Protein chains: 2
Amino acid sequence: MTSSEENYIKGIFHLSQGGQHSITTSALAEKMETKPSSVTDMVKRLAEKGLLHYKKYQGVRLTEEGAGHALKVIRKHRLWEVFLVDKLNFAWDQVHEVAEQLEHIESEMLVDRLDALLNFPEFDPHGDPIPDKEGRFKTREKKLLSAMPAKSRGICVGVKDSSSQFLKFLDKYHIELGNTIEVLERESFDRSMHIQVGKRKLQISHQIASNLYVKPQPE
Amino acid sequence: MTSSEENYIKGIFHLSQGGQHSITTSALAEKMETKPSSVTDMVKRLAEKGLLHYKKYQGVRLTEEGAGHALKVIRKHRLWEVFLVDKLNFAWDQVHEVAEQLEHIESEMLVDRLDALLNFPEFDPHGDPIPDKEGRFKTREKKLLSAMPAKSRGICVGVKDSSSQFLKFLDKYHIELGNTIEVLERESFDRSMHIQVGKRKLQISHQIASNLYVKPQPE
DNA sequence: ATAAATATTTAGGCAAATCTAAAAATATGT
DNA sequence: ACATATTTTTAGATTTGCCTAAATATTTAT
């Protein structure tokens with residue numbers, strides 16, 4: 001399987017996570033930053049290989065085999081991200097590009113030993129779960145910070161947008177995974193929020209709050 | 001630069017190490033396990049990019065830029081080999097294939113941090129020198145064991161053949177880099193040798209002796 | 001319900017990297 | 001030195017993954 005094929009499979013998998021039963025050609029084209037006609041070409045090839053179901057004009061859906069393959073690529077991607085952060089001291093906004101390359105290295109032994117070296121991590125530096133050898137992964141209760149009511153608290157467990165710009169913004173305001181975030185007040189006018197992180201109080205826009213996942217805490 | 005182009009550049013570099021001023025199309029085709037006509041196509045492209053000198057029917061020679069690029073790829077390959085052995089406990093006969101893939105990952109930061117993680121190693125698991133960031137590498141006095149006279153001693157510092165079969169053979173007879181090898185006697189008939197490694201005495205064929213490098217020791 | 005807008009596929013082309021078969025240049029042997 | 005053998009290059013084809021432009025199917029709106 002080529003890198004390009006793997007990237008398509010991964011792209012379809014991610015779009016499917018959004019709840020869609022079937023992924024349209026144009027949605028996939030946008031995700032892959034390519035043209036719909038190129039997508040049509042590729043999905044025909046992947047359908048022939050049994051990795052996805054495709055009927056003309058009906059969009060695509062991964063087969064079991066395709067989904068399994070996607071999980072393997074995602075596992076590799078996330079493990080490499082952990083490696084880069086934990087072992088090579090990369091910042092969390094610097095890992096994606098490199099992991100995009102490393103995820104295509106083929107060697108089961110490499111992946112399994114890397115997993116062991118990193119102590120079988122369950123989440124990557126952005127809070128996304130890492131599938132195990134069998135493709136299983138932990139899920140945890142999480143809500144967008146923007147969906148949390150005033151006076152509630154949550155532990156920051158992940159980001160929705162993992163672009164470098166957003167991650168650097170979080171760094172700047174010292175918001176990191178594991179922090180407890182308390183919602184002090186919500187502004188209904190612009191949907192901005194007053195929050196407290198540790199001892200620091202700050203005001204964040206809706207755009208920020210709607211890209212941060214927290215695990216709600218009782219009381 | 002594509003992986004394929006990098007592999008050609010690397011192949012030419014290695015062939016040039018053998019002392020040849022100019023590398024023929026057919027020698028390169030054999031090295032790359034491809035056909036001479038494919039080589040002609042590729043070297044034309046590489047010549048256009050300024051990575052090598054090529055005149056029809058005259059063979060090829062790397063430019064400064066080409067050689068610099070080759071050294072970078074070789075640096076990455078060998079660093080990854082050290083990583084696989086030191087950090088992931090790969091055996092020395094299991095690293096080549098995976099390193100062939102990893103050597104094409106593009107990220108200067110990755111390479112430099114990997115180098116630091118490994119404590120700036122100067123030699124890879126097969127005893128080959130690792131170029132530094134500037135392409136410089138240590139050379140050390142080494143001779144083929146087969147060229148050592150009887151009653152001489154040397155420290156095993158490298159292998160010429162790094163095929164899995166040969167490396168496994170060495171494992172089987174507990175010959176490893178760093179061992180002191182003493183030549184007890186040479187058989188002129190079949191050029192086999194009686195050697196002593198640590199406390200063990202063994203007889204090795206010329207084929208083995210001519211693929212093991214040693215650093216000759218005085219007296 | 002039918003026309004207009006949108007989405008998707010087809011057709012034909014291009015670049016990279018390979019191949020085979022044929023042509024051209026170089027090297028070798030007597 | 002000249003014919004033969006070998007090496008190298010050229011020509012034309014294939015596959016992957018992409019493109020543009022045109023054709024076709026589907027969806028939407030009146």
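Just so it is clear, the structure is predicted and the values come from calculations on it, not from any experiment. Each chain gets a letter, A, B and so on, in the order its sequence line appears, and its residues count up from 1.
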Student: For residues 17-25 of chain B, tabulate all N or O donor-acceptor pairs below 3.5 Å that involve a side-chain atom, not counting sequence neighbours.
Tutor:
unit_1, atom_1, unit_2, atom_2, d
Ser22(B), OG, Gln58(B), O, 2.9
Thr24(B), OG1, Ala27(B), N, 3.1

Student: Expressed as a whole number of angstroms, how long is the span from Lys55(A):NZ to dA25(D):C1'?
Tutor: 16 Å
Student: Measure from CD on Glu30(B) to P on dT8(D) and round the result to the nearest Å.
Tutor: 12 Å
Student: Can you check the Met1(A) CE to dG17(D) C1' distance for me, whole Å?
Tutor: 14 Å
Student: Return the value, rounded to whole Å, for the distance between atom CD1 of Ile23(B) and atom C1' of dT7(D).
Tutor: 16 Å
Student: According to a strict under-4.0 Å criterion, is Ser26(B) in side-chain N/O contact with OP1 or OP2 of dT6(D)?
Tutor: no
Student: Taking the basic N atoms (NZ, or NE/NH1/NH2) and the acidic carboxylate oxygens, is any pair closer than 4.0 Å for Glu30(A) and Lys35(A)?
Tutor: no
Student: Does this structure show an ion pair linking Glu65(B) with Lys49(B), if we count only N-O contacts that are shorter than 4.0 Å?
Tutor: no
Student: Each nucleotide in nucleotides 18-27 of chain C should get exactly one letter: B, S or -. Can you fill that in based on protein heavy atoms under 4.0 Å?
Tutor: BBBB---SS-
Student: With sequence neighbours left out, which residue pairs that include part of residues 92-120 of chain A fulfil the ring pair (Phe, Tyr, Trp, His ring centres under 6.0 Å) condition?
Tutor: His77(A)-His96(A)
Student: Is the count of non-hydrogen atoms from other residues, nucleotides or ligands lying under 6.0 Å from Glu134(A) atom CD greater than 12?
Tutor: yes
Student: Under 3.5 Å, sequence neighbours excluded: what are the donor-acceptor pairs made by side chains of residues 69-76 of chain B?
Tutor:
unit_1, atom_1, unit_2, atom_2, d
His69(B), NE2, Glu6(B), OE2, 3.2
Arg75(B), NH1, Asp115(B), OD2, 3.2
Arg75(B), NH1, Pro131(B), O, 3.1
Arg75(B), NH2, Asp112(B), OD1, 3.3
Arg75(B), NH2, Asp115(B), OD2, 3.1
Lys76(B), NZ, Glu103(B), O, 3.2
Lys76(B), NZ, Ile105(B), O, 3.0

Student: Determine whether Glu122(B) and Phe137(B) make a side-chain contact, defined as any pair of heavy atoms from C-beta on separated by less than 4.5 Å.
Tutor: no
Student: Residues of residues 96-105 of chain B with any non-hydrogen atom less than 4.0 angstrom from an atom of DNA chain D: list those, numerically ordered, please.
Tutor: none
Student: Mind calculating the distance between CD (Glu6(B)) and P (dA16(C)) to the nearest angstrom?
Tutor: 16 Å
Student: According to side chain to side chain donor-acceptor pair (under 3.5 Å), who are the partners of Asn211(A), at least two apart in sequence or on a separate chain?
Tutor: none
